[in-house]
Every structure is written in structure tokens, then in C-alpha cells.
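What's counted below: heavy atoms across the whole structure, side chains too, no hydrogens, waters or symmetry copies. Note that ligands are numbered from 1 as they come in the structure, with each ligand's atoms numbered from 1 the same way.
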Amino acid sequence: MANVIAIDGPSGAGKSSVSRLVGKKLGYLHVDSGALYRIMTWQCLVHGVDTSDPAAVVKFVRNVTVESRPEDGAIAYYVGGETPGDRIRTPEVTAHASEVARLPEVREIITSALRGMASCGNLVVEGRDITTAVFPDSPARFYLTASAEARARRRQKEEVEKGIANQSAETVKASLLARDRMDSSRACAPLRKADGALEIDSSDMTLEEVVETVLAALPPSWR
Ligand code: DC
């Protein structure tokens with residue numbers, strides 16, 4: 001059985017940067033589970049599927065094929081032979097993703113895909129329900145958080161740097177808090193800190209410090 005490091009937390013807490021760097025240091029594959037929810041949302045929008053209509057979304061998502069394979073230290077995703085890239089990072093996809101992610105049938109499809117990735121090797125998996133529902137038995141589970149201000153600042157900077165959007169910090173914060181609310185209050189696999197997960201508040205920590213904290217808490221044979 002592969003080693004799986006599971007990292008959950010709200011948007012903008014730094015999960016992606018931390019997971020990527022931990023993966024790089026250990027030679028574990030980085031798995032961005034949010035990207036799968038974003039891909040499904042993006043495909044709904046491209047094909048004119050109303051994301052507020054659960055039956056339509058579920059019917060459509062069952063027929064979306066996402067190929068995944070290890071590439072450059074991460075699990076890379078392809079749809080119809082193409083990499084989605086930043087098309088899944090637009091404010092429109094971001095705004096609709098929680099609607100798609102709250103559907104149990106969609107979560108079941110993605111959960112089973114994520115579990116299957118353990119056959120590719122050791123993983124660092126980030127998301128909202130990795131520690132509670134996807135890999136709840138992992139001995140290396142983390143809940144990464146930060147203040148809403150710090151999270152909004154990071155997200156906004158990232159959007160501007162990547163040329164995805166140029167929204168004000170206030171707009172980014174409002175959208176982030178709305179998503180947190182939806183992700184934490186949904187009935188199926190809501191975002192919450194798992195019992196036994198190590199909580200790390202990254203508001204005043206550097207990326208390196210967070211990574212060191214994660215590495216120090218791993219089972220000794222994994223380091
Ligand atoms: O981490 P992210 O912003 O890329 O996630 C996109 C959406 O998917 C967000 O609404 C939370 C949701 N998500 C989820 O419900 N479960 C996961 N394991 C990962 C993401």
C-alpha cells in the first residue's frame with residue numbers, strides 16, 4: 001500500500017504550495033483533488049449544463065472522462081487529450097464549483113478516482129475531504145488553515161500573477177468566504193478538521209516553515 005499524506009483546508013490556506021513542495025522533497029506525487037471538481041464544473045459550463053440542476057450535472061458528469069497520469073512529480077489530468085490548464089481557474093468556474101462538489105454522486109466518482117491513484121505510488125493529496133473521507137486511515141493527516149485576510153491576499157496575488165483575473169482583495173475575500181460556507185455546510189463530506197489531524201495555522205508562517213512542520217510530523221520511516 002502506498003504512503004498517502006492527506007492535507008485539507010479552506011481555499012487559499014496554502015495547500016497547493018505546501019503539497020507540491022512536500023511532494024518534491026519526498027519524491028511523492030502531488031494530487032490536486034480540487035482540480036477534478038473544477039474540471040467537472042468547467043465541462044458543465046462549456047457544454048451548457050446548468051450547475052444548479054443536480055440531476056443534469058450528475059447525468060453529464062457520469063459521461064466525462066478525465067485521464068490521469070503521473071507527470072513531473074504530480075498527477076496530471078487530461079480531458080479529450082488536452083490539459084485543462086488555467087481554464088479551470090477562472091472566477092466563473094470557481095463560483096460554480098461548490099454547487100458541483102456538493103453532489104454525493106459526483107463526490108463518489110472523484111473519491112474513487114483519487115483512491116485509484118495510490119496505485120501510481122506514494123502521494124500527497126490536497127482537498128477538503130481527503131483526511132475525513134477519501135484517505136481517513138492515513139497516519140499523516142493535516143488541516144491547513146489561515147485567516148480570511150491572509151487567504152484572500154494570497155489568492156488575489158496568485159490570480160493577478162497568473163493573469164487569470166484582476167479582482168479586488170475584498171471581492172476575492174467575499175467569494176472565498178462564500179465558498180467556505182458552502183464547502184463546510186454541505187451534507188456530503190463537508191470541510192472539517194478530522195479528529196487526529198494536525199492543525200497548522202499558516203497565517204504568519206512562511207511556506208518553508210509549514211513544509212518543515214508537515215515533514216516533522218510524518219511517520220519516521222516516511223521522511
Ligand atoms: O481547492 P479548489 O479551490 O481548487 O477546489 C475547488 C472546489 O472543489 C471547491 O469548491 C472545493 C471543492 N473540493 C471539494 O469539495 N473536495 C475536495 N476534496 C477538493 C475540492
Side-chain angles (χ1 to χ4, degrees), residues 4-20 30-45 51-52 54 57-58 61 64 66 68 74-77 84-118 123-136 138 141-146 148 151-152 154-159 162 164-165 167 172-194 197 202:
V4 177
I5 300 172
I7 304 185
D8 283 329
S11 322
K15 299 186 299 290
S16 294
S17 315
V18 171
S19 307
R20 226 175 273 128
H30 169 229
V31 180
D32 175 0
S33 67
L36 289 173
Y37 290 95
R38 287 175 177 273
I39 286 172
M40 295 308 184
T41 308
W42 166 59
Q43 284 294 292
C44 284
L45 296 173
T51 54
S52 68
V57 171
V58 170
V61 161
V64 175
V66 182
S68 57
I75 295 287
Y77 306 119
D86 285 340
R87 287 176 290 183
I88 61 169
R89 310 268 161 210
T90 63
E92 197 193 2
V93 169
T94 301
H96 288 86
S98 297
E99 279 178 335
V100 172
R102 79 193 148 106
L103 304 174
E105 294 88 346
V106 174
R107 303 202 69 81
E108 207 177 291
I109 292 168
I110 291 180
T111 297
S112 118
L114 291 168
R115 290 188 182 140
M117 289 172 198
L123 309 176
V124 189
V125 191
E126 52 149 316
R128 302 292 189 291
D129 66 338
I130 310 305
T131 58
T132 56
V134 183
F135 292 109
S138 161
R141 293 176 305 144
F142 300 88
Y143 187 79
L144 187 58
T145 185
R151 295 191 287 119
R154 289 174 191 160
R155 254 304 134 81
Q156 190 218 17
K157 188 162 169 260
E158 184 184 301
E159 286 185 358
K162 287 189 171 172
I164 297 168
Q167 310 182 94
V172 174
K173 184 177 162 190
S175 121
L176 193 132
L177 290 177
R179 257 178 342 126
D180 286 356
R181 260 194 306 279
M182 270 187 93
D183 292 335
S184 312
S185 62
R186 67 174 172 235
C188 181
L191 169 66
R192 65 176 176 82
K193 182 188 163 305
S202 72

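- In summary, the atoms of ligand 1 found under 4.0 Å from a heavy atom of Gly34, numbered by their order in the structure, are 4 (O), 5 (O), 6 (C), 19 (C), 20 (C).
- Side-chain contact of Ser11 with Arg128: a donor-acceptor pair under 3.5 Å is present, judged by distance alone.
- Between the Ser68 side chain and the Ala76 main chain, no donor and acceptor come within less than 3.5 Å of each other.
- Within the 4.0 Å heavy-atom criterion, the part of Arg107 lying near ligand 1 is the side chain and not the backbone.
- Checked for salt-bridge contact, Asp32 and Arg38 miss the test: no charged N lies under 4.0 Å from a carboxylate O.
- No side-chain heavy atom of Lys173 sits under 4.5 Å from any side-chain heavy atom of Gln156.
- The Ala101 neighbourhood of ligand 1 comprises atoms 12 (C), 15 (O), with distances under 4.0 Å to a heavy atom of that residue.
- Of all protein heavy atoms, the one lying nearest to atom 7 (C) of ligand 1 is Ala97 CB, 3.7 Å.
- For ligand 1, the atoms sitting less than 4.0 Å from at least one non-hydrogen atom of Asp183 are 9 (C), 10 (O), 11 (C), numbered in the order shown with element in parentheses.
- Numbered from 1 in the order shown, with element, the atoms of ligand 1 that lie under 4.0 Å from a heavy atom of Ser98 read 10 (O).
- When the heavy atoms of Arg128, Arg89, Arg186 are ranked by distance to atom 13 (N) of ligand 1, first place goes to Arg128.
- Arg154 and Ser202 form a side-chain donor-acceptor contact under 3.5 Å, judged by distance and modelled atom types alone.
- Taking every heavy atom of Arg38 and a limit of under 4.0 angstrom, the matching atoms of ligand 1 come to 2 (P), 3 (O), 4 (O), 6 (C).
- The shortest side-chain heavy-atom distance between Gln43 and Val66 does not fall under the 4.5 Å cut-off.
- Contacts between Ser11 and ligand 1, counted as non-hydrogen atom pairs separated by less than 4.0 Å, are absent for every part of the residue.
- The Asp129 neighbourhood of ligand 1 comprises atoms 16 (N), 17 (C), 18 (N), with distances under 4.0 Å to a heavy atom of that residue.
- Between Glu126 and ligand 1, no pair of N/O atoms sits closer than 3.5 Å.
- Regarding atom 8 (O) of ligand 1, its nearest protein heavy-atom neighbour is Tyr37 CB, 3.4 Å.
- Using a 4.5 Å heavy-atom cutoff, the side chains of Leu36 and Tyr77 are in contact.
- Residue Arg102 comes nearest to Pro54 through the heavy atom pair NH2-CG, 4.5 Å, listed as atom of the first residue, atom of the second, then distance.
- Scanning the protein heavy atoms around atom 19 (C) of ligand 1, the nearest turns out to be Ser33 OG, 3.3 Å.
- Between the Arg186 side chain and the Ala189 main chain, a donor and an acceptor come within less than 3.5 Å of each other.
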